[in-house]
Amino acid sequence: MKSLRLPPIWILNGFASFCLMLIQVLSGRALAPFLGTSVFTWTSVIGATLIGLTFGQAAGGALADRKSGRRALAQTFLMAGSAALAANFALAFFSARLSTYPMDLAFRSIMLAIVVFTPVAFFLSMVGPQLAKLAVDNLGHSGSIVGKLSAAGAIGSLLGVGLGGYVLISALGTQYLMSAVAIALLGLGVYIGVGERVLNYRIAGFLGVVVISNLLLPGLCKQESNYYCIRILAAGTEEAPRFTLKLDHLVHSYVSPRDPADLGYGYEQVYARLIATRYSKLDSFHAYFIGGGGFVLPRYLESYYPSATSTVSEIDPAVIEANHRFMELSTSTKIVMAPGDARRHLMRNVDEPYDLVFGDAFNDFGVPVHLTTLEFHQLLKSRMKPDGMYALNLIDDSSYGNFLTSMTRTLRQVWKYVEVAPLADTLEPGRNTIVLIASDEPLDKERWLATRPPSFDRLESDDKVIEASSKLLDPAIVEEFLSSHPNTPVLTDDYVPIDRYLAPVFRDAY
Amino acid sequence: MATDTRFAPNSPIVLGAFVFLGGFTMMAFEIMAARLVSPFLGSSLQTWTAVIASVLLGIVVGSRLGGSLADRFHHARLLGVLLVLSGLLAAASYAVAFAIGPMISASTLPLPLLALTFGVLVFFPPAALSASITPVAVRVGLDSLEHTGRVYGMLGAWNSAGSILGTYLTGFVFQAYLSTRMVWFALAISLAILGCLYLLRIRRV
């Protein structure tokens with residue numbers, strides 16, 4: 001067979017880079033349902049890609065000087081496509097077993113990323129040097145040719161990131177997208193290889209079977225948005241459904257749409273207690289929620305405090321959409337939706353000042369650092385009533401306690417009083433949810449202890465949850481705990497070492 | 001010293017070190033960029049994409065620019081000048097971020113547009129100059145057509161290795177132990193100093 005016309009060199013290089021970046025964006029999303037989106041996940045993915053890139057370029061260069069030409073190029077594309085197919089299988093195979101391997105978490109996530117994604121990156125980055133070799137026929141122009149190739153590569157990368165992040169993942173899902181990339185690479189390899197005796201019928205047939213079985217791998221997510229793999233598990237009865245909302249690795253909320261007093265988490269009972277301490281059922285007040293999830297507390301407010309207003313910042317519009325579509329949140333709800341980043345919302349929108357603010361955006365140890373800083377809290381306070389209260393939940397292990405103490409110090413710079421509610425008698429070692437309550441007015445402790453929010457009515461009166469939600473750390477103990485962590489700083493936009501603080505907690509949890 | 005060819009201005013070691021540094025600083029700036037944007041525009045898909053896009057745009061323009069300059073000018077001197085300039089621009093861009101940040105933050109234009117404007121004004125210039133280092137280094141290193149593949153491949157590999165280290169060190173060490181401003185200026189100044197040293201070195205040869 002005669003060879004077909006080779007596409008322009010720079011297009012080929014652009015396409016290889018496009019696929020590479022697409023796979024990098026995609027692999028972060030692909031690991032998130034198993035490993036969360038902690039610093040481990042992203043660095044593993046970037047690292048795995050770059051390792052492939054380093055060795056791929058060196059190998060591609062060495063290969064190009066020895067046997068350059070269409071045949072090697074075609075084989076490289078075919079190998080890259082096969083590696084992408086293999087990645088899908090490897091991901092399905094290893095990720096399900098990931099939690100059972102007795103290995104350090106960082107090591108585990110790096111290994112997974114290397115096994116799954118490095119081969120694809122390796123073969124894709126062998127393309128560039130081969131193309132450079134094909135294109136450079138004159139030393140005098142080598143600079144501009146290399147420059148043009150790199151530029152085409154960067155344009156491809158740009159499109160890969162942009163289309164991948166904004167459009168393709170949410171349209172196709174990670175798995176189909178990976179299959180699509182594989183098919184495109186294989187197709188290109190076949191095209192370039194026509195007449196070069198690269199494929200025989202047996203190999204082609206085998207690849208065909210693999211492609212088809214790849215498309216049949218079971219999917220995982222209800223919906224893949226630009227931010228999360230959204231999963232919703234339904235339980236309960238037809239009349240009283242109870243949904244479990246999972247965002248990536250994290251069970252974000254338990255939602256009982258027809259029984260909004262059913263608050264799934266202990267920290268939500270602390271929030272309910274705080275609301276009931278400040279307000280009775282007919283009071284009107286404005287609550288602002290940073291992080292929506294299953295909208296458990298906004299639904300609760302809507303039902304039991306009809307004169308209250310709730311505004312919710314939820315970063316992912318698809319999560320809001322999923323509440324409407326799958327978890328019975330009425331589209332005519334009074335809850336005011338503010339899709340997007342909370343800090344941006346506070347900067348731009350001057351809402352009616354908030355009486356209560358609830359922070360619930362710290363997802364699965366992937367803490368958005370810009371919502372922890374002194375500057376952020378100063379901004380937040382400027383949008384609140386003078387007697388407003390800010391309650392947030394965080395996860396830390398008091399045997400480390402670095403995040404807890406730096407967060408407490410930061411809040412204390414902005415508000416006079418910071419209460420610590422550990423959901424237990426004291427700070428127990430181990431990974432725990434802890435609520436911090438910040439305000440300029442002291443909390444009315446008598447009312448705090450005596451109040452019975454509607455959410456308690458559906459619990460037994462001796463339920464441990466009720467007792468646990470009332471616990472506040474004695475100020476002396478807070479002082480002592482702070483002074484035993486003398487070096488954790490006030491968090492500022494310039495310095496937020498939270499990933500370092502939470503890494504050991506996250507590691508222990510797996 | 002002039003007889004030791006291992007450290008000659010066009011030796012693989014020296015050129016490899018430069019493209020390594022180019023990759024290192026580029027990724028370090030890219031990762032820290034997220035923290036420069038978020039005080040003004042928050043942190044969302046739009047801001048991350050804008051950061052990555054403006055850095056990649058910098059690579060597009062920088063690669064083309066570096067390539068065509070390399071074919072026209074004295075290569076080794078050009079390399080030194082580019083290093084110095086990329087350091088100076090990086091330092092300037094930090095100041096630009098805080099100068100334009102409040103203005104951009106207050107604007108009512110759509111977020112993707114604002115984020116991209118911020119990215120292009122702040123991160124594009126230093127990225128473009130860092131990216132122009134690689135094609136110039138390839139040109140300086142090429143002495144014959146026979147080795148095009150190997151030179152391009154080896155320097156590309158060093159560039160990627162620098163990017164890996166830049167990514168990991170920034171994520172796990174710099175941001176975990178040091179203030180963003182300090183790391184940003186330290187990297188910018190080292191680029192500029194290294195460029196100056198290289199320029200002095202090639203004048204002596």
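Reminder, nothing fancy here: chain letters follow the sequence lines and each chain counts from 1. Just so you know, these numbers use all the heavy atoms, side chains as well, and skip hydrogens, waters and symmetry mates.
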Segment of [X] engaging chain A (4.5 angstrom heavy-atom cut-off):
| X | value |
| --- | --- |
| B/Trp184 | neither |
| B/Leu114 | side chain |
| B/Tyr177 | both |
| B/Leu57 | both |

Can you tell which part of [X] gets under 4.5 Å to a heavy atom of chain B, answering side chain, backbone, both or neither?
| X | value |
| --- | --- |
| A/Leu379 | neither |
| A/Ile155 | both |
| A/Val25 | neither |

Donor-acceptor check, side chain of [X] to backbone of [Y], threshold 3.5 angstrom: yes or no?
| X | Y | result |
| --- | --- | --- |
| A/Asn13 | A/Ala152 | no |
| A/Glu314 | A/Ile320 | no |
| B/Asn159 | B/Phe20 | no |

Over 12 foreign heavy atoms within 6.0 Å of CZ, A/Phe55: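 Counting other residues, nucleotides and ligands, CZ of A/Phe55 stays at 12 neighbours or fewer.
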Heavy-atom neighbours of A/Arg500 CZ exceed 12 at 6.0 Å: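 Atom CZ in A/Arg500 is crowded, with more than 12 foreign heavy atoms closer than 6.0 Å.
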Closest contact, heavy atoms only, A/Arg348 versus B/Thr108: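 Looking at all heavy atoms of both residues, the closest pair is NH1-CA, 3.9 Å.
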Closest non-hydrogen atom pair between A/Arg344 and B/Ser107, with its separation: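 Nearest pair, atom of A/Arg344 first, then B/Ser107: NH2-O, 4.3 Å.
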Close side-chain approach of A/Phe18 to A/Ser157, heavy-atom, < 4.5 Å: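 No. Closest side-chain heavy atoms not under 4.5 Å.
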With a 4.5 Å cut-off on heavy-atom pairs, point out which of [options] contacts chain B the most.
| options | answer |
| --- | --- |
| A/Arg343, A/Glu375, A/Met21 | A/Arg343 |
| A/Thr373, A/Ile46, A/Leu131 | A/Ile46 |
| A/Thr49, A/Asp316, A/Asp341 | A/Asp341 |
| A/Ala59, A/Gly61, A/Gly47 | A/Gly61 |

Return the option, out of [options], with the maximum number of heavy-atom pairs under 4.5 Å with chain A.
| options | value |
| --- | --- |
| B/Met27, B/Arg35, B/Arg72, B/Gln175 | B/Arg35 |
| B/Ser43, B/Gly156, B/Ser38 | B/Ser43 |
| B/Ala34, B/Ser44, B/Gly62 | B/Ser44 |
| B/Ala70, B/Pro135, B/Ser179 | B/Ser179 |

Proximity of B/Phe29 and B/Phe123 rings by center, below 6.0 Å: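 No, they do not, as the ring centres are separated by 6.0 Å or more.
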